[in-house]
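Each residue takes its place number in the sequence, starting with 1.
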Amino acid sequence: MAKLERVRNIGVVAHIDAGKTTVTERFLYYAGKIHRMGEVHDGEAQMDWMPQEQERGITITAAATTFEWRGHELHLIDTPGHVDFTIEVERSLRVLDGVVVVFCGVGGVEPQSETVWHQAEKFGVPRLAFVNKMDRVGANFYAVVDEIQKRLGARPVPVQIPIGAEETFQGVIDLVDQRAFIWTGTPDEPPQEVPVPDRLQLEVETAREKLVEAAGDMDDGVAELFLEGKPIEPTVLRAAIRKGCIANKLVPVFCGSALRNRGIQRLLDGVVDYLPSPLEVPPAQGSAPGTGERVERRPSDKEPLTAMAFKIQMDQGRKMVYLRIYSGKLRPGDEILNVRLGKREKVARLLQIHANRRERIDLAGAGSIVAAMGLKLAGTGDTVTHPDHPIMLERIDAYEPVISRAIEPKTLAEKEKLDFALAKIVDEDPTFKVREDEETGQTLISGMGELHLDIVVDRLLREYNVEARVGKPQVVYRETVTATGEADATFERKLDEELVFGHARVRVEPLPRGAGVSFESAVPAEPPVSPSVLATALEGLKDAATSGVTAGYPLVDVKVTLLAVGTREGLTSTVGYKVAAGEAFRRACHEAKPSLLEPIMDLEVTVPEEFMGEVIGDVQSRSGVIEDVGFRGGQRLVKAKVPMRSLFGYSTRVRSLTQGRALFTMQFAKFDVAGS
């Protein structure tokens, strides 16, 4: 194991098709981990190992690997860029110490770039930016840097500038060392170091002055040297930039062309130079089970074991759990505690992962990312610790599905196989849900988008040998109320010769979007009501509020208040209050103008000017609201909010309207009143 200061836990994140996986392949090639570079478009990228990834040329699942660079051990996770698989990015960022965000030199800051950027911001993960595809027509390094500043609210600081752009892109100038690097030969040939071209001297001086100024804001020593006009050593400048990057106060920006093997070695140097080791990020924070007292674990092998299960993957039907170890050591055979469940499990094997290949290891220490076999109970976001020193780390948020489809096996004999396979996939993917429709008896699968569910159905056939029929996509609705309603209900019946009675009055009122469902009791103190009666009535409310009164969809954004309960002398059973409270709740909902909520999507379409009218007209015909019309990379950019029910089959329609020349992305924005 490498010393902790020489470990980097990093991820590569970006919008779909910005070149993340290509960057990762080049990392592995130049680090000597692989000996031939596979291309994403040929379906041969090492990190895209699933058949579905190879066929579609996209990343679907986060893939992990470990390699060395300049005497440092790098644990790397390559993440998907498609919005349907955003949970893979979220759970990876939760356990990483730093990320490389890849931007397309032409597209700049695209919708999913914003999403992954804000996900990294949420977890306070330091970032490097890499402006890729500098050889593409329309590439503009400074425009992308400007977008990072304006759209992401960051402070991007170029540590390199490109030599040329589009077909004239031939190298980069390192502003720290003030050296130029030109790529002329094969991928195996290192770049030639040449003097900075005379025509670029002024540009380099201006860019370096801005770099030194930013570094001076992070380090008083650099600021003094800058003000006194004294030369600043590259090592001093690097240390100041590193300080700013780790503190999330600036973002070092690199550039290159991964597909042409340009700029990758310098970017790897940047990972080592500027991104933090596990020792330089805040200690893992959590709470002690039972007391809730704040506890922290420093990244040291001498501390008690603390790890997070951030990803579950099925390996030939067996559960493989990806762990980020924050403190302590883990060996095969160790007994560990799943803090959420309060249950102990034994680690059967520990594995070092390289995409879909793995190698057994006998020990993993603080700062490691490894996979463990034998943990049958672990789920995404679970904390596992030494049994005598439990700590609960903050869990990973899951996203609510927005689309569902009915699914059934082609033969009745396969029903059991289908249920087994779906349960395994639910185990792996927190955004995938399975439920049975109470009215029709159909099995419904729900996910983040059409592609998400297509991949699930494909996996059922290939991995579990289950052929399934799926229905047309259905929107996942929610229910809420739009006004305040009050109602009461009385339950009185003789059961087994005993009188069962209950009376309750309930108020329901709307809450802001995203507030969830809250319950409270406003029952007067006089006359006093037994705590067991109150508890049973509130339990009845919570049971009734799991679904709405219009169509039985999940209820959201409602405040439920128990106003009163009527009691009678001499009654021993409290079950009547549960029934009465539930009925009073349903009646109050009917009074409170119940309403369906539907998922609304953020739609962005990049389209040539001549087709913009057709695209806008089509969006409006789908009940879409145009929010902005701008420019991106020489084309028009249409931004709109559109109900998801109107977007099924949109890709086919937009291609036919624009002769296949439009690109679009959509991602969930919010739930809003249906038809509004």
**OP:** State whether the side chain of Lys33 and the backbone N or O of Thr66 hold a donor-acceptor pair below 3.5 Å, judged by distance alone.
**Re:** yes
**OP:** Apply salt bridge (Lys or Arg N to Asp or Glu O under 4.0 Å) to Arg155 and Asp217, showing your working.
**Re:** CA-CA 12 Å; Arg155 186 180 184 181; Asp217 290 344; 2.9 Å; yes
Original post:
Does the side chain of Glu90 pick up a donor-acceptor pair with the side chain of Gln119 at under 3.5 Å?
Top reply: yes
In a table with atom names and distances, give each donor-acceptor pair under 3.5 Å that connects a side chain of residues 243-252 to protein atoms at least two apart or in another chain.
{"from": "Lys243", "atom 1": "NZ", "to": "Met218", "atom 2": "O", "distance (Å)": "3.2"}
{"from": "Asn248", "atom 1": "OD1", "to": "Arg127", "atom 2": "NH2", "distance (Å)": "3.2"}
{"from": "Asn248", "atom 1": "ND2", "to": "Gly124", "atom 2": "O", "distance (Å)": "3.0"}

Original post:
Are the side chains of Pro158 and Val145 in touch, meaning some heavy atoms are under 4.5 Å apart?
Top reply: yes
Original post:
Heavy atoms, side chains only, cut-off 4.5 Å: are Asp17 and Cys104 in contact?
Top reply: no
Subject >> Heavy-atom check, side chain of Thr184 versus side chain of Gln170, under 4.5 Å >> reply: no
Subject >> Separation of Met612 CE from Leu637 CG (nearest 0.5 Å) >> reply: 10.5 Å
Original post:
Val12 versus Phe130: any side-chain heavy-atom pair under 4.5 Å?
Top reply: no
Subject >> Taking every non-hydrogen atom, the tightest pair across Leu237 and Ala215 >> reply: CD1-CB, 3.5 Å
**OP:** Measure across Tyr322 and Ala64 and return the closest heavy-atom pair with its distance rounded to 0.1 Å.
**Re:** CE2-CB, 4.0 Å
Original post:
Quick one: does Val109's side chain get under 4.5 Å of Glu114's, heavy atoms only?
Top reply: yes
Original post:
Quick one: side chain to side chain donor-acceptor pair (under 3.5 Å) partners of Arg70, sequence neighbours excluded?
Top reply: Asp269, Asp273
Original post:
What do you reckon, is CD of Glu233 surrounded by more than 12 foreign heavy atoms closer than 6.0 Å?
Top reply: no
Original post:
So with a 6.0 Å cut-off around CZ of Arg298, is the heavy-atom count from everything else above 12?
Top reply: no
Original post:
Under 3.5 Å, is there a donor-acceptor pair between the side chain of Arg297 and the main chain of Gln285?
Top reply: no
Original post:
Measuring from Trp183:CH2 to Gln192:CD, what's the distance to the nearest 0.5 Å?
Top reply: 11.0 Å
**OP:** Find the distance between CZ (Arg242) and CD (Glu280) and round it off to the nearest 0.5 Å.
**Re:** 4.0 Å
**OP:** Kindly indicate whether the side chain of Leu267, heavy atoms from C-beta on, has any atom under 4.5 Å from the side chain of Phe27.
**Re:** yes
Subject >> side chain to side chain donor-acceptor pair (under 3.5 Å) pairs, two or more places apart, involving residues 195-213 >> reply: Tyr142-Glu203
Original post:
More than 12 non-hydrogen atoms from neighbouring residues, nucleotides or ligands closer than 6.0 Å to CG on Asp628, yes or no?
Top reply: yes
**OP:** Supply the atom-to-atom distance Ser368 OG to Leu330 CG, rounded to the nearest 0.5 angstrom.
**Re:** 9.5 Å
**OP:** Decide, yes or no, whether a salt bridge links Lys311 with Glu88 under the criterion of side-chain N to carboxylate O below 4.0 Å.
**Re:** yes
**OP:** State the CD-CZ distance between Glu609 and Phe631, to the nearest 0.5 angstrom.
**Re:** 6.0 Å
**OP:** State whether the side chain of Arg238 and the backbone N or O of Tyr274 hold a donor-acceptor pair below 3.5 Å, judged by distance alone.
**Re:** no
Original post:
Which distance, rounded to the nearest 0.5 Å, do you find between the OG of Ser277 and the CZ of Arg8?
Top reply: 5.5 Å
Original post:
Can you list the steps and then say if Arg358 with Met320 is a side-chain contact (heavy atoms from CB on, under 4.5 Å)?
Top reply: CA-CA 11 Å; Arg358 51 207 60 128; Met320 187 162 69; 3.7 Å; yes
**OP:** Please report the shortest heavy-atom distance between Ala14 and Val116, naming the atom on each side.
**Re:** N-CG2, 4.2 Å
Original post:
What's the shortest heavy-atom distance between Leu76 and Asp78, and which atoms?
Top reply: CD2-N, 3.8 Å
**OP:** Go through Trp117 and Phe103 one step at a time and tell me if the side-chain contact (heavy atoms from CB on, under 4.5 Å) criterion holds.
**Re:** CA-CA 11 Å; Trp117 190 273; Phe103 296 94; 3.9 Å; yes
Original post:
More than 12 non-hydrogen atoms from neighbouring residues, nucleotides or ligands closer than 6.0 Å to CD on Glu193, yes or no?
Top reply: yes
**OP:** Could you tell me which non-hydrogen atom of Leu96 sits nearest to which non-hydrogen atom of Ile10, and how far apart they are?
**Re:** CD2-O, 3.5 Å
Original post:
Name the one of Val253, Ile161, Leu175, Ile232 that satisfies side chain to side chain contact (heavy atoms under 4.5 Å, CB included) with Leu211?
Top reply: Leu175
Original post:
Any donor and acceptor pair, going by atom type alone, linking the side chain of Gln313 with main-chain N or O of Glu428 inside 3.5 Å?
Top reply: no
Original post:
Between Tyr326 and Arg324, is there a cation-pi geometry (under 6.0 Å to ring centre, at most 45° from the normal)?
Top reply: yes
Original post:
Any idea which heavy atoms bring Gln149 and Pro156 closest together, and the distance?
Top reply: CB-CD, 3.8 Å
Original post:
Can you tell me if Arg26 uses its side chain to pair, donor with acceptor, with the backbone of Gly263 under 3.5 Å?
Top reply: no
**OP:** Would you please test Arg266 and Phe181 for side-chain contact (heavy atoms from CB on, under 4.5 Å) and show each step?
**Re:** CA-CA 10 Å; Arg266 307 300 299 172; Phe181 297 90; 3.7 Å; yes
Original post:
Tell me, do Ile77 and Phe310 make a side-chain contact under 4.5 Å, heavy atoms counted?
Top reply: yes
Subject >> Residue pair Phe169 / Met134, side-chain heavy-atom distance below 4.5 Å >> reply: yes
Subject >> Exam field: side chain Thr22 to backbone Leu259, donor-acceptor pair closer than 3.5 Å >> reply: no
Subject >> Any donor-acceptor N/O pair, Asn132 side chain to Ala258 backbone, under 3.5 Å >> reply: yes
**OP:** Kindly determine whether Gln265 and Trp69 satisfy side-chain contact (heavy atoms from CB on, under 4.5 Å), including the steps that lead there.
**Re:** CA-CA 9 Å; Gln265 297 104 314; Trp69 184 257; 4.0 Å; yes
